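So that the names make sense, note that chain A is the first sequence line, chain B the second, and so on, each numbered from 1. Remember, predicted model here, so these are calculated numbers, not experimental data.
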Amino acid sequence: MNFVEELKWRGMIHDIMPGTGEQLEKEMTTAYVGIDPTADSLHIGHLVGVMMLRHFQNAGHRPLALIGGATGMIGDPSGKSQERNLLDEKTLRHNQDALKEQLARFLDFYSDKPNAAKLVNNYDWMKEFSFLEFIRDVGKHITVNYMMAKDSVKKRLSGDSRDGLSFTEFTYQLVQGYDFLKLYESHNCKLQMGGSDQWGNITTGTELIRRKTAGEAFALTCPLITKADGGKFGKTESGNVWLDPERTSPYAFYQFWLNTSDTDAEKYIKIFTLLQREEVEALVAEHQEAPHQRKLQKRLAEIVTELVHGKEALETAIEASQILFGKGVTNTLRKLDEKTLLAVFDGVPTFNISREELSAGIGILDLVAEKTAALPSKGEARRTIKGGGLGLNKEKVTADDKQVNISDLLNDKYLLIQKGKKNYFLIIAE
RNA sequence: GGGGAGAUACCGAAGCGGUCAAACGGGGCAGACUGUAAAUCUGUUGGCUCAGCCUUCGUAGGUUCGAAUCCUGCUCUCCCCA
C-alpha cells in the first residue's frame with residue numbers, strides 16, 4: 001500500500017493536490033510539517049502531523065519537521081490565535097531540542113538511511129532576512145489579490161469580524177510560503193502537509209515555488225481531529241494533554257486515550273497507531289460485539305502510551321488504573337510497596353501533614369478540608385460524606401466524625417483520599 | 001440634558017416588611033445504574049464549634065421590635081426622548 005492509500009483508509013486526507021500521488025511514486029520525496037515551538041513539549045494535537053510524517057517515512061520518503069521559530073512569532077490569522085509572544089533565542093533553542101527528542105520517538109533522525117528525518121527551524125533563515133529583501137525577493141511574486149482570496153484572510157475582512165486583520169497577520173501566508181520555497185531549494189522538499197486549516201497557507205507556498213522557480217510542489221492536508229460530542233480534541237479539564245511526562249503523567253496520558261468515546265476510538269486508532277487495516281477491522285468488530293469491554297480504547301491507549309512513554313511507564317499506568325478503578329482493592333493497596341505506590345499516584349495532588357498531628361488523631365473533616373485542599377470546606381466535606389462520596393484508602397467513609405491516625409497510614413507514610421470516582425489526593429505524613 | 005426600568009447566590013430568574021440562606025431552571029459536585037461511557041433517576045450546591053449560630057440579596061446610611069423587601073445618597077447597567 002502506498003502512502004496516499006495508507007492515509008486515505010486511515011481517514012487522514014482532507015485535501016490533496018492533484019499529482020501528489022504520482023510524485024511520490026516517481027521518486028523518494030521530501031515533505032515537511034510545521035510545528036510551533038511555543039512550549040518545550042508537544043501535545044497530542046501535534047501528533048496528527050507527526051503521524052503523517054511517520055507514515056511518510058515508513059513509505060520510504062524523507063520527513064522534515066519544521067520548527068516555526070519565526071512564524072510562531074507572528075500568529076496565523078486562520079487560527080483564533082491572539083498576539084503571539086516573542087520567544088527569545090535561548091528559549092527557542094531549548095524548545096527546539098526538547099521537541100526533537102520527542103519527535104525522535106516517532107521518526108528516525110539518526111540512522112544513515114537516505115530518508116532519515118531532519119529538523120529545521122525557519123528562524124535560522126528568517127532572522128537575517130531584511131524586510132527590504134523579503135518584499136523584493138518574495139513579495140513581488142504573489143499578488144495581494146491572490147492573498148486576499150484565501151479563506152483565512154476573507155473571514156477576517158468580512159464585515160462582522162470583530163477586529164481587523166493586521167498587516168503582520170496578512171503577511172503570514174507569505175512567510176510560511178517562503179519556508180516552503182526555501183526548503184524546496186535547499187532540501188528538494190516538494191510536499192507540505194498539515195491540518196486542513198493550513199491548506200491556504202500551503203498553496204501559497206506551492207504557488208510561490210511555481211512562480212519563482214517554475215518548479216512543482218504539492219500539498220496534502222488532514223481533517224481537523226474532532227470529538228463526537230463536539231468538544232475540542234486533546235483537552236481535558238486540566239488542560240492540554242502533553243507528551244512530556246512532567247506536564248502530563250503517563251497515567252493521565254493513558255487515561256485520556258482510555259476515556260475516548262466509542263465512535264472516536266474507532267477514528268483515533270486509525271490515526272494514532274500504526275496498526276494494519278485488518279487488525280483495526282478485527283478490533284472494531286470485536287468491540288461492536290462487546291462494547292463494554294472497550295477493547296478499542298484499551299488497545300489505543302496501550303499503543304500510544306507505549307510509543308510515547310515506553311513499556312515500563314505503560315505498565316505502571318495500567319496497574320494504577322486497575323488499582324484506582326478496580327473493585328475491592330483495599331488489600332491490594334495495603335500490600336503495595338512504596339515505590340509502586342508513588343508511581344501509581346504520580347501526578348495526583350499531594351499534601352503534607354506532620355506525623356505528630358496525625359499520631360494525636362485527627363478528624364476526617366479537618367484532615368480533608370483544613371489540612372488539605374481536597375475539599376473546600378468542612379460543610380462540603382460533611383455533605384460529600386453524607387452522600388457517600390468520600391473514600392479513605394479506597395474505603396468509603398461513612399461517619400463525619402471519623403478519626404484518622406497513624407494506623408491508617410499506607411506504608412506507614414501515606415493516606416489516600418478519594419472524592420467521587422475519579423479524584424484522588426495523596427497525603428504524606430512526615 | 002430630560003424621562004423610565006433595573007442591580008438577588010456560579011449563571012438565568014422569582015421574592016416586594018417577619019414563616020428567606022432566599023422558590024424555580026441551568027450549570028457544578030456526589031450517589032444509583034453502567035463500560036472509569038451516554039441516557040436516566042436521586043441527593044446536594046454560603047460558612048461554622050451544624051437539631052444551633054454567623055455572614056450574605058450593587059454600595060453607604062436611615063426608618064422599624066424586625067428589611068432582599070420601605071426611605072435617602074452614591075456607583076453601575078439597560079430603554080425611551082432630545
Rounded to whole angstrom, note down the [atom1] distance from [N] over to [M].
N	M	atom1	value
rA21(B)	rC70(B)	C1'	22 Å
rA67(B)	rU72(B)	C1'	15 Å
rU69(B)	rG15(B)	C1'	8 Å
rA7(B)	rC41(B)	C1'	37 Å
rC71(B)	rG4(B)	P	14 Å
rG43(B)	rG6(B)	P	35 Å
rU77(B)	rG58(B)	C1'	11 Å
rA14(B)	rG62(B)	P	31 Å

Are OP1 or OP2 of [N] and a side-chain N or O of [X] less than 4.0 angstrom apart?
X	N	value
Asn423(A)	rA30(B)	yes
Lys298(A)	rG35(B)	no
Lys421(A)	rC33(B)	no

- Task: Run the numbers on Phe3(A) and Leu220(A) for side chain to side chain contact (heavy atoms under 4.5 Å, CB included), then give the verdict.
- Result: CA-CA 11 Å; Phe3(A) 175 69; Leu220(A) 192 162; 3.9 Å; yes
How would you label the contact of [X] with the nucleic acid (heavy atoms, under 4.0 Å): base, sugar-phosphate, or nothing?
X	value
Leu390(A)	nothing
Gly388(A)	sugar-phosphate
Arg294(A)	base
Gln293(A)	nothing
Lys419(A)	sugar-phosphate

Could you check which nucleotide pairs with [N] in any of the strands shown, counting Watson-Crick or G-U wobble with both distances under 3.5 Å?
N	answer
rC70(B)	rG62(B)
rG6(B)	rC76(B)
rC33(B)	none
rC24(B)	rG12(B)

- Between Gln176(A) and Gln192(A): side-chain donor-acceptor atoms closer than 3.5 Å: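 The answer is yes; a qualifying pair exists.
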- Classify the side-chain pair Glu380(A)/Ser377(A) by whether it contains a donor and acceptor separated by less than 3.5 Å.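 No.
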- Item | Ionic contact status for Glu5(A) with Lys8(A), cut-off 4.0 Å |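 Here Lys8(A) does not pair with Glu5(A) in a salt bridge, since their nearest N and O are not under 4.0 Å apart.
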- Message: Looking at Glu279(A) and Arg299(A), is there a salt bridge between them, counting it only when a charged N and a carboxylate O are closer than 4.0 Å?
- Response: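 Salt bridge: no.
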- Query: Do the ring planes of Phe256(A) and Phe233(A) sit parallel (below 30°), tilted (30 to 60°) or perpendicular (above 60°)?
  - Reply: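 Judged by the thresholds at 30° and 60°, the geometry between Phe256(A) and Phe233(A) is perpendicular.
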- Message: In terms of relative ring orientation, are Tyr268(A) and Phe272(A) parallel, tilted or perpendicular, with 30° and 60° separating the classes?
- Response: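 The arrangement is perpendicular - the two ring planes meet at more than 60°.
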Length of the [atom1]-[atom2] vector between [X] and [N], whole Å:
X	N	atom1	atom2	answer
Glu380(A)	rU45(B)	CD	C1'	7 Å
Leu365(A)	rU49(B)	CG	P	8 Å
Ile417(A)	rA30(B)	CD1	P	15 Å
Lys422(A)	rG28(B)	NZ	P	14 Å
His292(A)	rA37(B)	NE2	P	15 Å

- Which residue lies more 5' along RNA chain B, comparing Ser321(A) with Arg382(A) via nearest heavy atoms: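 Residue closer to the 5' terminus by nearest nucleotide: Ser321(A).
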- Query: Given that Ser377(A) and Asp262(A) both sit by RNA chain B, which one's nearest nucleotide is further toward the 5' end?
  - Reply: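 This one resolves to Asp262(A).
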